Amino acid sequence: MSALLSKDTARRGVAAHSAIGLVCCALLYLICVSGAAIVLYEEFQRFEQPDAPEMESIAPQAVDRAVAAVVASEAGQAPTTHLYVHMPTEALPRTTITTDTQAVHVDAAGTIAAPEEKAWSEFLLALHYRLNLPPVWGMTLVGMFGAMIVALGVSGVVAHPRIFRDAFRLRARRKDEVATLDWHNRLAVWTLPFALTIALTGAMIGLFYVAGFSLAASAYDGDSEAALAPVFGAEGEADPAPAPLPRVAPVLAHMARDYPAVRVSYVILHDPGTRGQHVQVIGEHHRRLVFGEYYHFAPDGSFEGTTGLADGATGQQFAASIYNLHFGNYGGLPVKIAYILFGVALSVVVATGTFIWLDKQARKGRPRPLIYAGWWGVTLGVPLAILATLLARLALGNAAPFVAIFWAVTLAAVGLAIARRRPWAKRRLPPANPEYAR
(Lines give C-alpha, C1' and ligand atoms only; values in the text may rest on other atoms or scores of the structure.)
Protein backbone atom coordinates (compact mmCIF):
# COMPACT_ATOMS: atom_id res chain seq x y z
CA MET A 1 0.00 0.00 0.00
CA SER A 2 2.89 2.36 0.79
CA ALA A 3 4.38 1.74 -2.66
CA LEU A 4 1.04 2.46 -4.27
CA LEU A 5 0.86 5.86 -2.59
CA SER A 6 4.55 6.81 -2.86
CA LYS A 7 5.59 10.25 -4.05
CA ASP A 8 6.36 8.99 -7.55
CA THR A 9 3.00 7.26 -7.72
CA ALA A 10 1.29 10.42 -6.49
CA ARG A 11 3.05 12.51 -9.16
CA ARG A 12 1.99 10.07 -11.85
CA GLY A 13 -1.52 10.23 -10.47
CA VAL A 14 -1.47 14.03 -10.69
CA ALA A 15 -0.32 13.84 -14.32
CA ALA A 16 -3.00 11.32 -15.22
CA HIS A 17 -5.63 13.29 -13.34
CA SER A 18 -4.76 16.50 -15.18
CA ALA A 19 -4.53 14.88 -18.61
CA ILE A 20 -7.89 13.18 -18.30
CA GLY A 21 -9.48 16.31 -16.87
CA LEU A 22 -8.28 18.54 -19.69
CA VAL A 23 -9.80 16.26 -22.31
CA CYS A 24 -13.24 15.98 -20.82
CA CYS A 25 -13.76 18.66 -18.16
CA ALA A 26 -15.94 21.00 -20.24
CA LEU A 27 -18.41 18.33 -21.34
CA LEU A 28 -18.23 16.66 -17.94
CA TYR A 29 -19.27 19.91 -16.34
CA LEU A 30 -22.17 20.23 -18.76
CA ILE A 31 -23.26 16.66 -18.07
CA CYS A 32 -23.06 17.19 -14.29
CA VAL A 33 -24.99 20.48 -14.29
CA SER A 34 -27.73 19.15 -16.58
CA GLY A 35 -27.86 15.94 -14.54
CA ALA A 36 -28.48 17.88 -11.33
CA ALA A 37 -31.32 19.71 -13.08
CA ILE A 38 -32.98 16.73 -14.76
CA VAL A 39 -33.55 15.00 -11.41
CA LEU A 40 -36.74 17.10 -11.32
CA TYR A 41 -37.88 15.87 -14.75
CA GLU A 42 -41.44 15.04 -13.67
CA GLU A 43 -41.76 18.22 -11.63
CA PHE A 44 -40.62 20.26 -14.63
CA GLN A 45 -43.33 18.67 -16.77
CA ARG A 46 -45.97 19.78 -14.28
CA PHE A 47 -44.42 23.25 -14.21
CA GLU A 48 -44.46 23.50 -18.00
CA GLN A 49 -48.12 22.58 -18.32
CA PRO A 50 -49.85 23.38 -15.01
CA ASP A 51 -53.36 23.25 -16.52
CA ALA A 52 -53.16 19.61 -17.63
CA PRO A 53 -55.76 17.44 -15.83
CA GLU A 54 -54.37 15.58 -12.83
CA MET A 55 -55.76 12.65 -10.89
CA GLU A 56 -54.61 10.08 -8.35
CA SER A 57 -56.05 7.26 -10.47
CA ILE A 58 -58.17 6.66 -13.54
CA ALA A 59 -60.90 4.07 -14.04
CA PRO A 60 -60.05 1.16 -16.38
CA GLN A 61 -63.10 1.92 -18.53
CA ALA A 62 -61.93 5.52 -18.92
CA VAL A 63 -58.58 4.25 -20.21
CA ASP A 64 -60.42 2.17 -22.83
CA ARG A 65 -62.37 5.24 -23.93
CA ALA A 66 -59.20 7.33 -24.10
CA VAL A 67 -57.36 4.73 -26.20
CA ALA A 68 -60.27 4.47 -28.61
CA ALA A 69 -60.47 8.27 -28.90
CA VAL A 70 -56.77 8.65 -29.66
CA VAL A 71 -56.80 5.87 -32.26
CA ALA A 72 -59.89 7.39 -33.89
CA SER A 73 -58.16 10.78 -34.06
CA GLU A 74 -55.44 9.18 -36.20
CA ALA A 75 -57.81 7.60 -38.72
CA GLY A 76 -56.43 7.86 -42.23
CA GLN A 77 -52.80 7.98 -41.03
CA ALA A 78 -50.26 5.18 -40.95
CA PRO A 79 -51.16 2.94 -37.97
CA THR A 80 -49.06 3.55 -34.90
CA THR A 81 -46.73 0.72 -33.96
CA HIS A 82 -46.91 1.45 -30.23
CA LEU A 83 -49.41 3.26 -28.05
CA TYR A 84 -48.26 4.21 -24.56
CA VAL A 85 -50.66 5.07 -21.76
CA HIS A 86 -48.86 6.82 -18.91
CA MET A 87 -50.93 6.07 -15.84
CA PRO A 88 -51.07 8.52 -12.90
CA THR A 89 -48.12 8.11 -10.55
CA GLU A 90 -47.06 9.90 -7.38
CA ALA A 91 -44.39 11.90 -9.21
CA LEU A 92 -46.56 12.68 -12.25
CA PRO A 93 -50.30 12.32 -11.48
CA ARG A 94 -51.45 12.62 -15.08
CA THR A 95 -52.81 10.27 -17.73
CA THR A 96 -51.05 10.79 -21.05
CA ILE A 97 -51.30 8.78 -24.26
CA THR A 98 -48.40 8.78 -26.71
CA THR A 99 -48.34 7.30 -30.20
CA ASP A 100 -45.83 7.45 -33.04
CA THR A 101 -47.17 10.86 -34.07
CA GLN A 102 -48.69 12.63 -31.04
CA ALA A 103 -48.98 12.85 -27.27
CA VAL A 104 -52.13 14.03 -25.48
CA HIS A 105 -53.39 14.43 -21.93
CA VAL A 106 -56.74 12.87 -21.06
CA ASP A 107 -59.03 13.66 -18.17
CA ALA A 108 -60.48 11.28 -15.59
CA ALA A 109 -63.42 10.48 -17.89
CA GLY A 110 -61.12 9.38 -20.72
CA THR A 111 -61.68 12.46 -22.88
CA ILE A 112 -58.77 14.02 -24.76
CA ALA A 113 -57.99 17.26 -22.92
CA ALA A 114 -54.98 18.85 -24.62
CA PRO A 115 -51.75 18.07 -26.45
CA GLU A 116 -48.82 17.32 -24.18
CA GLU A 117 -46.32 20.20 -24.09
CA LYS A 118 -43.03 19.40 -22.37
CA ALA A 119 -40.44 20.45 -24.94
CA TRP A 120 -38.23 22.18 -22.36
CA SER A 121 -38.13 19.13 -20.08
CA GLU A 122 -37.31 16.95 -23.09
CA PHE A 123 -34.57 19.39 -24.11
CA LEU A 124 -32.96 19.11 -20.66
CA LEU A 125 -33.19 15.33 -20.75
CA ALA A 126 -31.62 15.19 -24.21
CA LEU A 127 -28.88 17.61 -23.12
CA HIS A 128 -27.88 15.33 -20.26
CA TYR A 129 -28.62 12.04 -21.98
CA ARG A 130 -26.90 12.69 -25.32
CA LEU A 131 -25.66 16.31 -25.42
CA ASN A 132 -28.39 17.08 -28.01
CA LEU A 133 -26.55 14.84 -30.49
CA PRO A 134 -28.09 11.94 -32.45
CA PRO A 135 -28.95 9.19 -29.95
CA VAL A 136 -26.30 6.60 -30.76
CA TRP A 137 -23.44 9.10 -31.01
CA GLY A 138 -24.57 11.21 -28.07
CA MET A 139 -25.25 8.38 -25.66
CA THR A 140 -22.00 6.68 -26.59
CA LEU A 141 -20.10 9.89 -25.87
CA VAL A 142 -21.87 10.44 -22.55
CA GLY A 143 -21.19 6.83 -21.61
CA MET A 144 -17.49 7.36 -22.29
CA PHE A 145 -17.51 10.42 -20.05
CA GLY A 146 -19.12 8.34 -17.32
CA ALA A 147 -16.15 5.99 -17.53
CA MET A 148 -13.82 9.00 -17.41
CA ILE A 149 -15.42 10.21 -14.16
CA VAL A 150 -14.55 6.84 -12.64
CA ALA A 151 -10.95 7.28 -13.86
CA LEU A 152 -10.84 10.82 -12.47
CA GLY A 153 -12.10 9.65 -9.08
CA VAL A 154 -9.58 6.82 -8.81
CA SER A 155 -6.64 8.90 -10.07
CA GLY A 156 -7.61 11.75 -7.76
CA VAL A 157 -7.50 9.45 -4.71
CA VAL A 158 -4.12 8.05 -5.80
CA ALA A 159 -2.76 11.56 -6.41
CA HIS A 160 -3.66 12.71 -2.89
CA PRO A 161 -2.62 10.09 -0.31
CA ARG A 162 -4.02 12.18 2.59
CA ILE A 163 -7.34 12.93 0.90
CA PHE A 164 -9.41 10.87 3.35
CA ARG A 165 -7.42 11.87 6.42
CA ASP A 166 -8.00 15.53 5.54
CA ALA A 167 -11.67 15.00 4.69
CA PHE A 168 -12.80 17.74 7.13
CA ARG A 169 -9.97 20.19 6.61
CA LEU A 170 -11.45 23.15 4.76
CA ARG A 171 -9.63 26.48 4.60
CA ALA A 172 -12.47 28.30 2.90
CA ARG A 173 -11.51 31.77 4.18
CA ARG A 174 -8.21 31.85 2.35
CA LYS A 175 -8.18 34.18 -0.65
CA ASP A 176 -5.95 31.99 -2.81
CA GLU A 177 -5.92 28.72 -4.71
CA VAL A 178 -5.52 26.71 -1.48
CA ALA A 179 -9.19 27.37 -0.72
CA THR A 180 -10.06 26.17 -4.24
CA LEU A 181 -7.97 23.04 -3.70
CA ASP A 182 -9.66 22.34 -0.38
CA TRP A 183 -13.14 22.76 -1.82
CA HIS A 184 -12.21 20.44 -4.67
CA ASN A 185 -10.71 17.74 -2.45
CA ARG A 186 -13.30 17.89 0.32
CA LEU A 187 -16.29 17.81 -2.03
CA ALA A 188 -14.61 15.04 -4.03
CA VAL A 189 -14.27 12.92 -0.89
CA TRP A 190 -17.77 13.61 0.37
CA THR A 191 -19.35 12.84 -3.00
CA LEU A 192 -17.06 9.96 -4.04
CA PRO A 193 -19.58 7.12 -3.49
CA PHE A 194 -22.27 9.13 -5.29
CA ALA A 195 -19.89 10.10 -8.11
CA LEU A 196 -18.77 6.53 -8.69
CA THR A 197 -22.34 5.25 -8.61
CA ILE A 198 -23.60 7.90 -11.02
CA ALA A 199 -20.58 7.51 -13.28
CA LEU A 200 -20.82 3.72 -13.49
CA THR A 201 -24.56 3.68 -14.12
CA GLY A 202 -24.24 6.55 -16.60
CA ALA A 203 -21.52 4.68 -18.47
CA MET A 204 -23.70 1.57 -18.57
CA ILE A 205 -26.71 3.49 -19.88
CA GLY A 206 -24.67 5.42 -22.43
CA LEU A 207 -22.68 2.46 -23.69
CA PHE A 208 -25.75 0.24 -23.73
CA TYR A 209 -26.41 1.25 -27.32
CA VAL A 210 -22.90 0.38 -28.46
CA ALA A 211 -23.02 -2.97 -26.69
CA GLY A 212 -26.50 -3.72 -28.04
CA PHE A 213 -25.62 -2.89 -31.62
CA SER A 214 -22.33 -4.81 -31.41
CA LEU A 215 -24.04 -7.87 -29.96
CA ALA A 216 -26.79 -7.70 -32.57
CA ALA A 217 -24.27 -7.40 -35.40
CA SER A 218 -22.09 -10.26 -34.17
CA ALA A 219 -24.64 -12.80 -32.97
CA TYR A 220 -28.15 -11.83 -34.13
CA ASP A 221 -27.71 -10.81 -37.79
CA GLY A 222 -28.20 -7.16 -36.91
CA ASP A 223 -31.48 -7.71 -35.03
CA SER A 224 -31.13 -5.44 -31.97
CA GLU A 225 -34.53 -6.48 -30.56
CA ALA A 226 -33.46 -10.13 -30.55
CA ALA A 227 -30.18 -9.20 -28.86
CA LEU A 228 -32.01 -7.49 -25.98
CA ALA A 229 -34.80 -10.06 -25.68
CA PRO A 230 -33.03 -12.18 -23.01
CA VAL A 231 -33.08 -9.15 -20.69
CA PHE A 232 -36.15 -7.08 -21.58
CA GLY A 233 -38.30 -9.64 -23.39
CA ALA A 234 -39.12 -10.18 -27.04
CA GLU A 235 -41.68 -8.56 -29.31
CA GLY A 236 -44.49 -10.78 -30.58
CA GLU A 237 -44.90 -11.92 -34.16
CA ALA A 238 -46.25 -9.14 -36.34
CA ASP A 239 -49.51 -9.68 -38.23
CA PRO A 240 -50.77 -6.49 -39.94
CA ALA A 241 -54.27 -7.85 -40.64
CA PRO A 242 -56.91 -5.54 -39.04
CA ALA A 243 -58.47 -6.50 -35.74
CA PRO A 244 -60.52 -4.77 -33.03
CA LEU A 245 -58.54 -2.80 -30.45
CA PRO A 246 -57.61 -4.80 -27.35
CA ARG A 247 -59.45 -3.91 -24.17
CA VAL A 248 -57.36 -2.42 -21.40
CA ALA A 249 -60.00 -2.66 -18.64
CA PRO A 250 -59.63 -6.45 -18.12
CA VAL A 251 -55.86 -6.03 -18.03
CA LEU A 252 -56.04 -3.39 -15.30
CA ALA A 253 -58.63 -5.43 -13.42
CA HIS A 254 -56.28 -8.43 -13.47
CA MET A 255 -53.42 -6.29 -12.13
CA ALA A 256 -55.57 -4.88 -9.33
CA ARG A 257 -56.81 -8.35 -8.38
CA ASP A 258 -53.63 -10.44 -8.65
CA TYR A 259 -50.95 -7.79 -8.03
CA PRO A 260 -52.51 -5.27 -5.62
CA ALA A 261 -49.11 -4.07 -4.34
CA VAL A 262 -47.89 -3.20 -7.84
CA ARG A 263 -48.46 0.35 -9.10
CA VAL A 264 -49.17 0.37 -12.85
CA SER A 265 -47.12 3.14 -14.46
CA TYR A 266 -47.58 2.33 -18.15
CA VAL A 267 -49.89 0.32 -20.36
CA ILE A 268 -48.35 -0.35 -23.79
CA LEU A 269 -50.33 -1.51 -26.80
CA HIS A 270 -48.02 -3.12 -29.37
CA ASP A 271 -49.27 -2.89 -32.98
CA PRO A 272 -52.76 -1.85 -31.86
CA GLY A 273 -55.60 -2.62 -34.25
CA THR A 274 -53.85 -5.61 -35.84
CA ARG A 275 -53.97 -9.38 -35.30
CA GLY A 276 -50.39 -9.25 -34.01
CA GLN A 277 -51.27 -6.87 -31.20
CA HIS A 278 -50.64 -7.55 -27.55
CA VAL A 279 -50.74 -5.56 -24.30
CA GLN A 280 -47.87 -4.97 -21.92
CA VAL A 281 -48.04 -3.40 -18.46
CA ILE A 282 -45.12 -1.83 -16.61
CA GLY A 283 -45.68 -2.18 -12.88
CA GLU A 284 -43.63 -0.38 -10.22
CA HIS A 285 -42.56 -2.45 -7.21
CA HIS A 286 -42.45 -0.64 -3.89
CA ARG A 287 -39.03 -0.50 -2.21
CA ARG A 288 -37.27 -1.90 -5.27
CA LEU A 289 -34.72 -0.17 -7.50
CA VAL A 290 -36.04 -1.84 -10.66
CA PHE A 291 -37.94 0.63 -12.85
CA GLY A 292 -40.71 -1.96 -13.07
CA GLU A 293 -41.75 -5.39 -14.26
CA TYR A 294 -43.25 -6.19 -17.66
CA TYR A 295 -46.60 -8.03 -17.43
CA HIS A 296 -47.78 -9.52 -20.73
CA PHE A 297 -51.40 -9.91 -21.82
CA ALA A 298 -53.18 -11.26 -24.88
CA PRO A 299 -55.62 -8.99 -26.80
CA ASP A 300 -58.55 -10.52 -24.88
CA GLY A 301 -56.97 -9.53 -21.54
CA SER A 302 -55.73 -12.97 -20.50
CA PHE A 303 -52.46 -12.97 -18.57
CA GLU A 304 -49.45 -14.55 -20.31
CA GLY A 305 -46.62 -14.03 -17.80
CA THR A 306 -43.85 -11.63 -16.80
CA THR A 307 -40.43 -10.84 -18.21
CA GLY A 308 -38.52 -11.34 -14.96
CA LEU A 309 -37.09 -7.88 -14.31
CA ALA A 310 -38.26 -8.02 -10.70
CA ASP A 311 -37.66 -11.69 -9.88
CA GLY A 312 -35.70 -13.18 -12.79
CA ALA A 313 -31.98 -13.65 -13.32
CA THR A 314 -29.65 -11.42 -11.34
CA GLY A 315 -28.43 -9.78 -14.53
CA GLN A 316 -31.98 -8.86 -15.51
CA GLN A 317 -32.71 -7.30 -12.14
CA PHE A 318 -29.42 -5.42 -12.25
CA ALA A 319 -30.12 -4.05 -15.74
CA ALA A 320 -33.60 -2.95 -14.65
CA SER A 321 -32.17 -1.10 -11.63
CA ILE A 322 -29.57 1.04 -13.40
CA TYR A 323 -31.94 3.75 -14.65
CA ASN A 324 -33.56 4.56 -11.29
CA LEU A 325 -30.23 4.41 -9.49
CA HIS A 326 -28.74 6.91 -11.95
CA PHE A 327 -31.58 9.43 -11.99
CA GLY A 328 -32.76 9.14 -8.38
CA ASN A 329 -36.24 7.90 -9.27
CA TYR A 330 -36.76 6.13 -5.97
CA GLY A 331 -37.49 7.24 -2.44
CA GLY A 332 -39.52 10.27 -3.42
CA LEU A 333 -38.61 13.93 -2.99
CA PRO A 334 -35.96 13.48 -0.23
CA VAL A 335 -33.86 11.29 -2.52
CA LYS A 336 -34.30 13.77 -5.37
CA ILE A 337 -33.11 16.63 -3.18
CA ALA A 338 -30.06 14.59 -2.16
CA TYR A 339 -29.29 13.84 -5.81
CA ILE A 340 -29.54 17.54 -6.67
CA LEU A 341 -27.16 18.53 -3.86
CA PHE A 342 -24.67 15.82 -4.77
CA GLY A 343 -24.99 16.77 -8.45
CA VAL A 344 -24.21 20.40 -7.69
CA ALA A 345 -21.24 19.32 -5.56
CA LEU A 346 -19.95 17.12 -8.37
CA SER A 347 -20.28 20.07 -10.77
CA VAL A 348 -18.17 22.19 -8.40
CA VAL A 349 -15.55 19.42 -8.23
CA VAL A 350 -15.25 19.37 -12.02
CA ALA A 351 -15.10 23.17 -12.26
CA THR A 352 -12.52 23.64 -9.50
CA GLY A 353 -10.37 20.82 -10.86
CA THR A 354 -9.67 22.80 -14.01
CA PHE A 355 -8.96 26.00 -12.07
CA ILE A 356 -6.47 24.08 -9.90
CA TRP A 357 -4.64 22.81 -12.97
CA LEU A 358 -4.54 26.30 -14.50
CA ASP A 359 -3.16 27.77 -11.27
CA LYS A 360 -0.43 25.14 -11.19
CA GLN A 361 0.50 25.92 -14.77
CA ALA A 362 0.74 29.61 -13.89
CA ARG A 363 3.07 28.78 -10.99
CA LYS A 364 5.35 26.95 -13.39
CA GLY A 365 5.58 30.00 -15.59
CA ARG A 366 3.06 28.74 -18.15
CA PRO A 367 -0.02 30.92 -17.58
CA ARG A 368 -2.97 30.28 -19.88
CA PRO A 369 -5.12 33.40 -19.63
CA LEU A 370 -7.31 32.49 -22.62
CA ILE A 371 -8.14 29.06 -21.22
CA TYR A 372 -8.61 30.53 -17.75
CA ALA A 373 -11.04 33.12 -19.02
CA GLY A 374 -12.79 30.63 -21.26
CA TRP A 375 -13.27 28.24 -18.36
CA TRP A 376 -14.91 31.00 -16.34
CA GLY A 377 -17.19 31.44 -19.36
CA VAL A 378 -18.07 27.75 -19.29
CA THR A 379 -18.71 27.54 -15.54
CA LEU A 380 -20.98 30.58 -15.57
CA GLY A 381 -22.34 30.20 -19.09
CA VAL A 382 -23.85 26.71 -18.79
CA PRO A 383 -26.19 27.54 -15.84
CA LEU A 384 -27.06 30.88 -17.45
CA ALA A 385 -27.85 29.14 -20.73
CA ILE A 386 -30.18 26.67 -19.00
CA LEU A 387 -31.89 29.62 -17.29
CA ALA A 388 -32.18 31.35 -20.67
CA THR A 389 -33.97 28.32 -22.16
CA LEU A 390 -36.40 28.33 -19.23
CA LEU A 391 -37.14 32.02 -19.78
CA ALA A 392 -37.64 31.27 -23.48
CA ARG A 393 -40.12 28.54 -22.53
CA LEU A 394 -42.10 31.03 -20.46
CA ALA A 395 -41.95 33.77 -23.09
CA LEU A 396 -42.14 31.86 -26.38
CA GLY A 397 -43.91 28.66 -25.39
CA ASN A 398 -43.37 25.02 -26.22
CA ALA A 399 -42.00 25.71 -29.71
CA ALA A 400 -39.02 27.82 -28.60
CA PRO A 401 -35.66 26.75 -30.18
CA PHE A 402 -34.15 25.54 -26.92
CA VAL A 403 -31.08 23.84 -28.40
CA ALA A 404 -30.08 26.92 -30.41
CA ILE A 405 -30.67 29.23 -27.44
CA PHE A 406 -28.64 27.07 -25.07
CA TRP A 407 -25.58 26.76 -27.26
CA ALA A 408 -25.75 30.39 -28.39
CA VAL A 409 -25.79 31.66 -24.79
CA THR A 410 -23.04 29.26 -23.73
CA LEU A 411 -20.75 30.24 -26.59
CA ALA A 412 -21.53 33.91 -26.05
CA ALA A 413 -20.56 33.61 -22.38
CA VAL A 414 -17.27 31.93 -23.30
CA GLY A 415 -16.57 34.53 -25.99
CA LEU A 416 -17.35 37.43 -23.66
CA ALA A 417 -15.13 36.00 -20.92
CA ILE A 418 -12.24 35.60 -23.36
CA ALA A 419 -12.76 39.11 -24.75
CA ARG A 420 -12.50 40.47 -21.19
CA ARG A 421 -9.61 38.17 -20.31
CA ARG A 422 -7.27 40.84 -18.91
CA PRO A 423 -8.72 40.68 -15.37
CA TRP A 424 -8.19 36.91 -15.31
CA ALA A 425 -4.65 37.23 -16.64
CA LYS A 426 -3.78 39.57 -13.75
CA ARG A 427 -4.94 37.14 -11.06
CA ARG A 428 -2.28 37.04 -8.36
CA LEU A 429 -1.08 33.75 -6.97
CA PRO A 430 0.43 33.44 -3.47
CA PRO A 431 3.92 32.02 -2.87
CA ALA A 432 4.23 28.33 -3.55
CA ASN A 433 3.76 25.95 -0.65
CA PRO A 434 4.69 22.24 -0.51
CA GLU A 435 1.16 21.10 0.23
CA TYR A 436 -0.32 22.79 -2.82
CA ALA A 437 2.55 21.76 -5.08
CA ARG A 438 2.15 18.12 -4.16
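On a predicted model such as this, the values are computed, not experimentally measured, just so you know.
- Side-chain contact between S265 and E284 is present, with heavy atoms from C-beta onward closer than 4.5 Å.
- The pair E42-K336 meets the salt-bridge criterion, with a side-chain N (NZ, NE, NH1 or NH2) lying under 4.0 Å from an Asp/Glu carboxylate O.
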Stepwise side chain to side chain donor-acceptor pair (under 3.5 Å) test for Q277 and H270: CA-CA 5 Å; Q277 66 191 352; H270 296 259; over 6 Å; no
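- Classification of the H296-Y294 ring pair by plane angle, with boundaries at 30° and 60°, yields tilted.
- With contacts defined as side-chain heavy-atom distances shorter than 4.5 Å, the pair V335/Y330 qualifies.
- How far CD1 of I38 is from OG of S121: 6.5 Å, rounded to the nearest 0.5 Å.
- In plain terms, the two heavy atoms of S34 and L30 that are nearest each other are OG-O, 2.8 Å.
- Applying the 6.0 Å contact sphere to CE of M144 captures no more than 12 heavy atoms from other residues, nucleotides or ligands.
- In terms of modelled atom types and a separation under 3.5 Å, the side chain of Q317 and the main chain of G312 share a donor-acceptor contact.
- The shortest non-hydrogen separation linking D107 to A113 is N-CB, 4.4 Å.
- Atom CD1 of I149 is separated from atom CG of L196 by 9.5 Å, given to the nearest 0.5 angstrom.
- Side-chain atoms of R420 never come within 3.5 Å of backbone atoms of G415 as a donor-acceptor pair (strictly under, hydrogens ignored).
- The distance from atom CG of L325 to atom CZ of F291, rounded to the nearest 0.5 Å, is 14.0 Å.
- Residue-environment remark: CD (Q77) exceeds the threshold of 12 foreign heavy atoms within 6.0 Å.
- At least one side-chain heavy atom of V104 sits less than 4.5 Å from a side-chain heavy atom of V70.
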Report all side-chain donor-acceptor pairs from residues 239-251 shorter than 3.5 Å, counting only partners two or more places apart or in another chain.
| unit_1 | atom_1 | unit_2 | atom_2 | d |
| --- | --- | --- | --- | --- |
| D239 | OD1 | A241 | N | 3.2 |

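- Between H254 and F297, the ring-plane angle classifies as perpendicular under the 30° and 60° cut-offs.
- The closest side-chain heavy-atom distance from V281 to M255 is below 4.5 Å.
- Aromatic ring centroids of F355 and W376 lie under 6.0 Å apart.
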Side chain to side chain contact (heavy atoms under 4.5 Å, CB included) between D359 and Y372, worked out: CA-CA 9 Å; D359 285 341; Y372 199 99; 3.6 Å; yes
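- V290 has its side chain out of reach of N324: every pair of non-hydrogen atoms, C-beta onward, lies at least 4.5 Å apart.
- Side chains of M87 and V85 form a contact here, defined as non-hydrogen atoms less than 4.5 Å apart.
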Set out, in order, the CA-CA distance, both residues' side-chain angles and the distance that settles side chain to side chain contact (heavy atoms under 4.5 Å, CB included) for H86 and L92, then state yes or no. CA-CA 9 Å; H86 175 273; L92 191 61; 3.8 Å; yes
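- The two atoms that bring A417 and A373 nearest to each other are CB-O, 3.1 Å, heavy atoms only.
- Contact between G138 and L133 at its shortest, heavy atoms only, is CA-CB, 3.8 Å.
- Rounded to the nearest 0.5 Å, atoms CG (L289) and CZ (F318) are 10.5 Å apart.
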Working for side chain to side chain donor-acceptor pair (under 3.5 Å), residues E293 and T307: CA-CA 7 Å; E293 174 65 278; T307 297; 4.5 Å; no
Check step by step if side chain to side chain donor-acceptor pair (under 3.5 Å) holds for Q49 and E116. CA-CA 8 Å; Q49 204 169 8; E116 183 183 42; over 6 Å; no
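- With sequence neighbours excluded, the residues that form a side-chain contact (heavy atoms from CB on, under 4.5 Å) with H326 are H128, I198, T201, I205.
- Relative orientation of the F303 and Y295 rings is tilted, given thresholds of 30° and 60° on the angle between their planes.
- The six-membered or imidazole ring of Y339 lies near that of F194, with a centre-to-centre distance under 6.0 Å.
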Any chance you could lay out the side chain to side chain contact (heavy atoms under 4.5 Å, CB included) test for L83 and I97, step after step, and finish with the verdict? CA-CA 7 Å; L83 185 148; I97 296 182; 3.7 Å; yes
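- Proximity of L252 to V63: side-chain heavy atoms (C-beta onward) are separated by under 4.5 Å at one or more points.
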CA sep, side-chain torsions, deciding dist, call: S321, R288, side chain to side chain contact (heavy atoms under 4.5 Å, CB included): CA-CA 8 Å; S321 301; R288 293 290 306 277; 5.8 Å; no
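- The pair E54-R46 meets the salt-bridge criterion, since a charged nitrogen lies less than 4.0 angstrom from a carboxylate oxygen.
- The number of heavy atoms from other shown groups lying within 6.0 Å of CZ (R287) does not exceed 12.
- The side-chain heavy atoms of P272 and H82, taken from C-beta on, include no pair separated by under 4.5 Å.
- Counting all heavy atoms, side chain and backbone alike, V150 lies closest to A199 at CG2-CB, 3.6 Å.
- Of the inter-residue distances, the one linking L341 atom CG with T191 atom OG1 reads 11.5 Å to the nearest 0.5 angstrom.
- Separating the CG atom in N132 from the CZ atom in F123 is a distance of 5.5 Å, to the nearest 0.5 Å.
- The minimum heavy-atom distance linking P383 with V378 is given by the pair CD-O, 4.3 Å.
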Going through the checks in order, is the side chain to side chain donor-acceptor pair (under 3.5 Å) test met by T80 and E74? CA-CA 9 Å; T80 186; E74 298 185 351; 5.0 Å; no
Please list, one pair per line, the donor and acceptor atoms closer than 3.5 Å that link side chains of residues 387-411 to other protein atoms, with sequence neighbours excluded.
| unit_1 | atom_1 | unit_2 | atom_2 | d |
| --- | --- | --- | --- | --- |
| T389 | OG1 | W120 | NE1 | 2.9 |
| T389 | OG1 | I386 | O | 2.6 |
| R393 | NE | E48 | OE1 | 2.6 |
| R393 | NH2 | E48 | O | 3.2 |
| N398 | OD1 | K118 | N | 3.3 |
| N398 | OD1 | A119 | N | 2.8 |
| T410 | OG1 | F406 | O | 2.9 |

